[in-house]
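Worksheet: the structure to be examined is printed underneath.
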Amino acid sequence: MAALFRRRMPTGKAGEWYYCLKHQKVEEGPECPAKDRLGPYATREEAARAIETARERDENWRSDPRWRDREPEPPEEDDADSPPS
C-alpha cells in the first residue's frame, strides 16, 4: 500500500544559495524545505547576509510612509507617574 502522504522534497537548483533558518547556515541548492530558508541568493556571500538583509528591509518597510495606514499614536501619560498639581 502506498503512503497517503509523501514527504515533499525541497525545491531549488544547484548554484542557488539559501540561508537555512533551522540550521542557521548557508546552503547551496535544495537541502532544506522552503519554509525553513531565505533565498535564493546569487552568491554564498549574499546568503550569509540574509538575516542582516531581512532586518534592513524590515526597517525600511517600517519607516516608509507609504505603508503607514495612520500616524503613530503618542504615548499615553500615566497619572501615577505625574507629580501632583
Side-chain angles (χ1 to χ4, degrees):
M1 184 170 162
L4 183 58
F5 297 102
R6 294 180 188 208
R7 186 172 183 176
R8 289 185 177 185
M9 295 301 294
T11 58
K13 300 175 194 168
E16 293 180 329
W17 295 92
Y18 299 88
Y19 182 81
C20 177
L21 299 166
K22 184 176 180 181
H23 299 113
Q24 298 181 351
K25 68 174 191 157
V26 174
E27 299 176 345
E28 182 181 11
E31 290 186 31
C32 289
K35 69 181 180 81
D36 293 330
R37 64 186 186 204
L38 298 175
Y41 296 94
T43 66
R44 179 179 196 82
E45 292 75 26
E46 287 179 33
R49 292 189 66 244
I51 297 295
E52 185 179 337
T53 301
R55 247 187 228 116
E56 290 169 359
R57 289 177 180 169
D58 185 58
E59 184 55 38
N60 290 338
W61 174 78
R62 289 177 187 269
S63 62
D64 188 335
R66 296 175 296 173
W67 292 101
R68 293 205 179 165
D69 293 336
R70 57 188 168 148
E71 290 297 317
E73 296 179 16
E76 292 184 22
E77 291 185 29
D78 187 6
D79 291 335
D81 291 338
S82 60
S85 312

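Because only heavy atoms are used, hydrogens play no part in the values below, and waters and symmetry mates are left out as well, while side chains stay in. Numbers here are sequence positions counted from 1.
- Looking at K22 and E27, no side-chain N of the basic residue comes within less than 4.0 Å of a carboxylate O on the acidic one, giving no salt bridge.
- When all heavy atoms of V26 and W17 are compared, the closest pair comes out as CG1-CE3, 3.6 Å.
- Nearest heavy atom pair, residue A47 against residue Y41, reads CA-CD1, 3.6 Å.
- A donor-acceptor pair under 3.5 Å is absent between the side-chain atoms of E16 and the main chain of G29, judged by distance alone.
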>> Would H23 and C32 count as a side chain to side chain contact (heavy atoms under 4.5 Å, CB included) here? Give the steps.
In response: CA-CA 9 Å; H23 299 113; C32 289; 3.3 Å; yes
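- Minimum interatomic distance between L38 and A50 (heavy atoms only, all atoms of both residues): CD1-CB, 3.9 Å.
- Minimum interatomic distance between D64 and R66 (heavy atoms only, all atoms of both residues): OD2-NH2, 2.7 Å.
- How far CD of E31 is from OH of Y18: 10.5 Å, rounded to the nearest 0.5 Å.
- Applying side-chain contact (heavy atoms from CB on, under 4.5 Å) to Y19 and the options Q24, K25, R37 leaves one that passes, Q24.
- When the side chain to side chain donor-acceptor pair (under 3.5 Å) test is applied to R62, the partners found at least two apart in sequence or on another chain are D58.
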